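Predicted model only: the values in this text are computed from it and were never measured. Along the sequence shown, the residues carry numbers beginning at 1.
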Amino acid sequence: MNIRTLLIDKAIAAMVAAGLPEDTNPAVTQSTRPQFGDYQINGAMGAAKKLKSNPRELAQKIIDNLDLTDISEKTEIAGPGFINIHLKPEFLSASLKAANEDEKLAVAPHATAQKVVVDYSSPNLAKEMHVGHLRSTIIGDAVVRALEFRGDDVVRQNHMGDWGTQFGMLIAHLEDQIKQGVDLESVALADLETFYRDAKKRFDDEEGFADKARDYVVKLQGGDAHCEKLWKLFIATSVKHSEEVYKRLNVTLTQDDIMAESAYNSELANIIALLKDKNIAVESEGAQVVFLDELANKDGEPSVFIVQKSGGGFLYATTDLAACDYRSNKLGADRILIFVDARQSLHFNQVELTARKAGLLRDETSYEFCPFGTMMGEDGKPFKTRTGGTVKLADLLEESITRAAAKLAERESDLSVEERSEIARKVGIGAVKYADLSKHRTSDYIFNWDTMLSFEGATAPYLQYAYTRVRSIFRKSGIDAASLTADVAINEPQEKALALKLLQLEEVLDLMISEATPHVLCGYLYELASLYMTFYEACPVLKEGVEPSIRDSRLVLCNLVAKTLHSGLDLLGIEVMEQM
């Protein structure tokens with residue numbers, strides 16, 4: 001149920017009937033103060049300005065044609081032309097009942113499902129995943145989950161870095177390790193950073209090794225069977241590392257979602273030929289270059305986009321163009337979402353402009369670069385170890401679980417050691433994810449252990465605890481939540497505020513999906529939990545003397561809060577627990 005969309009449709013129909021142009025913006029918003037209704041239609045003022053008419057008179061014309069018989073108990077004009085809508089308690093009650101009885105909380109599937117390709121995570125398989133991969137991985141996964149929840153056909157694409165000159169160095173080192181009898185999985189790649197460092201040191205210092213590595217690059221690119229076998233061995237073990245992190249992070253990416261750089265190798269020469277045939281790419285100093293006037297600098301010099309090196313080698317640019325072709329023309333994507341660090345904005349602007357010119361992106365395909373900011377340390381600089389090194393993502397998650405266990409140990413509990421350990425895992429992982437997802441995607445943010453693991457404020461532990469508090473009501477009462485069939489009576493202002501918030505889930509998900517911003521769902525869940533606490537204090541549920549009909553009505557509200565928190569946190573990839 002999306003009340004705002006329903007009101008927008010009604011308002012547009014009323015405006016057209018009142019003689020306004022069909023493209024008039026009804027400007028429907030949620031009211032911020034109960035005395036001004038639950039929703040407002042504010043489009044009369046903008047329309048009156050364009051038509052040079054009286055906004056209050058225009059608002060009255062809209063009301064005269066506004067059919068809200070089953071929805072609103074009162075519609076009034078306020079101020080210069082605001083239309084305040086007070087929803088009927090009966091409408092709210094029926095909507096809550098429908099949400100409570102529906103597996104997806106009355107969140108309807110999109111009228112027309114879209115095929116959406118989502119490119120996220122994309123680690124470099126030469127190294128272990130580090131904190132720089134966190135944002136792409138969890139923001140992308142939250143958006144994917146929300147898209148599927150709304151009924152879209154989602155194709156996950158993990159564009160892993162598994163190609164390039166560095167792999168010649170790595171497979172040369174790997175070959176020598178295997179010859180020395182080193183067990184690959186337990187030793188050689190147990191620490192990818194160390195493996196990479198050792199290979200790089202040999203490349204820089206060991207006579208003949210660099211030549212061997214370069215020779216292996218040529219052989220690998222030429223399809224040499226021996227090099228390809230070593231490369232596949234390295235990649236398989238590297239992917240296993242990534243999958244372990246995904247599992248711990250509760251991310252839905254699997255091996256089947258990998259569409260790595262190497263997957264496009266066979267198409268790269270064709271991409272260059274196409275760009276040359278269409279005179280989009282021209283030779284410059286031996287390289288193939290696209291000059292983009294659309295991105296010219298302040299001196300009028302076009303942006304330079306190199307698509308093939310002078311030696312004939314291909315680049316990220318070539319691979320990304322091939323990916324455009326595959327996703328738009330072969331998969332038939334309606335939308336392509338790419339979650340990458342904001343510092344790559346220019347690159348993806350160049351990719352889209354070039355792909356559009358070449359027909360590698362259809363006009364019908366929306367190409368959406370979704371940049372994200374940086375996780376910063378307390379010093380305001382990119383998050384590093386105390387010695388200035390890269391923080392491995394696996395180590396960060398392990399530390400969060402350890403810290404969560406210490407926090408939980410401070411609280412009284414009758415739970416077993418095993419149960420507390422499982423709760424610590426969920427709280428620790430959830431804390432890291434919510435701390436990141438609750439910030440606007442494009443913002444940098446300061447990473448702070450104390451804040452993210454707090455049981456107060458907008459944090460995962462607070463929301464997880466809020467869920468357990470709701471569920472505890474049903475344990476105490478002995479009432480099976482699934483057996484509740486009572487209608488919800490909206491008598492108190494706290495009940496109405498909670499009801500309105502519960503019925504905004506679809507609206508929130510639509511905003512999250514359209515702008516690829518999980519922070520709006522994070523904010524919604526925190527507001528919902530806070531309103532629930534206010535409701536619980538003001539509206540007794542199990543207290544002696546509460547009439548059974550009122551008790552059951554409020555239990556339905558409690559149950560719907562629990563289900564909404566559970567579903568919302570699950571869309572963020574955050575697990576809940578029945579007790580803490």
Arg156 vs Asp119, test: salt bridge (Lys or Arg N to Asp or Glu O under 4.0 Å). Steps then yes/no. CA-CA 6 Å; Arg156 295 163 174 80; Asp119 177 338; over 6 Å; no
How far apart are the C-alpha atoms of Glu352 and Arg356, what are their side-chain angles, what is the distance that settles it, and do they pass the salt bridge (Lys or Arg N to Asp or Glu O under 4.0 Å) test? CA-CA 6 Å; Glu352 181 178 10; Arg356 295 273 183 212; 3.2 Å; yes
Given side-chain contact (heavy atoms from CB on, under 4.5 Å), test Leu415 with Ile423 step by step and report yes or no. CA-CA 10 Å; Leu415 299 174; Ile423 291 169; 3.3 Å; yes
side-chain contact (heavy atoms from CB on, under 4.5 Å) between Phe82 and Ile77: does it pass, once the steps are laid out? CA-CA 6 Å; Phe82 299 105; Ile77 300 172; over 6 Å; no
Under the salt bridge (Lys or Arg N to Asp or Glu O under 4.0 Å) rule, what do Glu101 and Lys97 come out as? Steps first, then yes or no, please. CA-CA 6 Å; Glu101 294 175 350; Lys97 187 177 180 68; 3.4 Å; yes
Determine, step by step, whether Ser472 and Gln579 satisfy the side-chain contact (heavy atoms from CB on, under 4.5 Å) criterion, reporting the C-alpha distance in whole Å, the side-chain angles of both residues, the deciding distance to 0.1 Å, and the verdict. CA-CA 8 Å; Ser472 70; Gln579 294 176 266; over 6 Å; no
Please evaluate residues Ile338 and Glu368 with respect to the criterion side-chain contact (heavy atoms from CB on, under 4.5 Å), reporting the C-alpha separation (whole Å), side-chain torsions for both, the decisive distance (0.1 Å), and the verdict. CA-CA 6 Å; Ile338 303 174; Glu368 302 169 41; over 6 Å; no
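At most 12 non-hydrogen atoms from other residues, nucleotides or ligands lie less than 6.0 angstrom from CD of Glu22. For Glu364, the CD atom is densely surrounded, since the number of other residues' heavy atoms within 6.0 Å is greater than 12. The number of heavy-atom neighbours closer than 6.0 Å to CZ of Arg343, taken from other residues, nucleotides and ligands shown, is 12 or below. Taking a 6.0 Å sphere around CZ of Phe455, one finds it holds more than 12 heavy atoms contributed by other residues, nucleotides or ligands.
Screening Leu571, Ile513, Leu337 for a side chain to side chain contact (heavy atoms under 4.5 Å, CB included) with Val143, the sole residue that qualifies is Leu337. Only one option out of Leu397, Ile139, Val251 pairs with Lys433 in a side chain to side chain contact (heavy atoms under 4.5 Å, CB included); it is Val251. For the pairing with Pro89, the side chain to side chain contact (heavy atoms under 4.5 Å, CB included) check across Val488, Asn491, Ile490 returns one residue only, Ile490.
The minimum heavy-atom distance linking Ala529 with Leu463 is given by the pair CB-CD2, 3.7 Å. Across Leu393 and Leu249, no two heavy atoms sit closer than the pair CD2-CD1, 4.1 Å. When all heavy atoms are compared, the tightest approach of Ala394 to Val245 is CB-CG2, 4.4 Å. Contact record, Thr374 with Arg135: N-NH1, 4.2 Å, taken as the closest heavy-atom pair. Smallest separation of non-hydrogen atoms from Leu531 and Ala497: CD1-O, 3.8 Å. Ser454 and Pro461 get closest at one heavy-atom pair: O-CB, 3.4 Å.
Taking CD1 from Ile83 and CD from Gln60, the interatomic distance works out to 8.5 Å, rounded to the nearest 0.5 Å. Separating the OG atom in Ser72 from the CG atom in Asp67 is a distance of 11.0 Å, to the nearest 0.5 Å. To the nearest 0.5 angstrom, Leu134 atom CG is 5.0 Å from Asp436 atom CG. Atom OG of Ser31 and atom CD1 of Ile85 lie 10.5 Å apart (nearest 0.5 Å). Note that CG of Leu500 is 12.0 Å distant from CG of Leu528, once rounded to the nearest 0.5 Å. With rounding to the nearest 0.5 Å, the separation of CG in Leu92 from CD1 in Ile71 is 10.5 Å.
The aromatic ring centroids of Phe383 and Phe447 lie less than 6.0 Å from each other. Taking the six-membered ring for Trp, Phe372 and Phe339 have ring centres at least 6.0 Å apart.
No side-chain N or O of Ser93 forms a donor-acceptor pair with one of Asp487 less than 3.5 Å apart. A donor-acceptor contact closer than 3.5 angstrom is absent between the side chains of His86 and Asp38. A side-chain N or O of Asn158 and one of Tyr246 form a donor-acceptor pair less than 3.5 Å apart. A donor-acceptor pair shorter than 3.5 Å cannot be found between the side chains of Gln30 and Arg4. Side-chain polar atoms of Ser483 and Asp480 form no donor-acceptor pair below 3.5 angstrom. With 3.5 Å as the limit, one finds a donor-acceptor pair spanning the side chains of Thr365 and Arg362. Side-chain N/O atoms of Thr564 and Ser567 include no donor and acceptor closer than 3.5 Å.
No salt bridge links Lys104 with Asp102; every basic N to acidic carboxylate O contact stays at or beyond 4.0 Å. Ionic pairing of Glu515 and Arg441 is not present here: no N-O contact between side-chain nitrogen and carboxylate oxygen is shorter than 4.0 angstrom. Remark: Arg554 engages Glu495 in a salt bridge, criterion side-chain N to carboxylate O under 4.0 Å. Between Arg425 and Glu422 there is a salt bridge, since a side-chain N of the basic residue sits under 4.0 Å from a carboxylate O of the acidic one. In summary, Lys61 and Glu57 do not engage in a salt bridge, as defined by a charged side-chain N under 4.0 Å from a carboxylate O. Between Lys115 and Asp152 there is no salt bridge, since no side-chain N of the basic residue sits under 4.0 Å from a carboxylate O of the acidic one.
By the 30° and 60° cut-offs, the orientation of the rings of His440 relative to His519 is tilted. Using bins of under 30°, 30° to 60° and over 60° for the plane-to-plane angle, the ring pair His133/His130 lands in the tilted bin.
Looking at Ser95, its side chain does come within 3.5 Å of a backbone N or O of Phe91 through a donor-acceptor pair. With hydrogens and angles disregarded, a donor-acceptor distance shorter than 3.5 Å links the side chain of Ser514 to the backbone of Asp510. Ser366 places no side-chain N or O within donor-acceptor distance of the main-chain N or O of Arg335, the cut-off being under 3.5 Å. In this structure a side-chain-to-backbone donor-acceptor pair under 3.5 Å is present from Gln464 to Lys426. Under a 3.5 Å cut-off, the side chain of Ser477 and the backbone N or O of Phe474 do form a donor-acceptor pair. Panel note: side chain Thr459, backbone Leu453; no donor-acceptor pair is recorded below 3.5 Å. For Lys407 (side chain) and Arg403 (main-chain N/O), no donor-acceptor pair under 3.5 Å exists by modelled atom type. Side chain of Asn84 to backbone of Glu76: no donor-acceptor contact under 3.5 angstrom is found.
Residue pairs meeting the ring-ring contact (aromatic ring centres under 6.0 Å, His included) criterion with at least one member in residues 557-580, sequence neighbours excluded, are Tyr467-His566.
Annotation: side chain of Tyr462 is in contact with side chain of Ser530 (closest heavy-atom distance under 4.5 Å). Inter-residue side-chain proximity for Met452 and Tyr434 is flagged as unmet; no heavy-atom pair is nearer than 4.5 Å.
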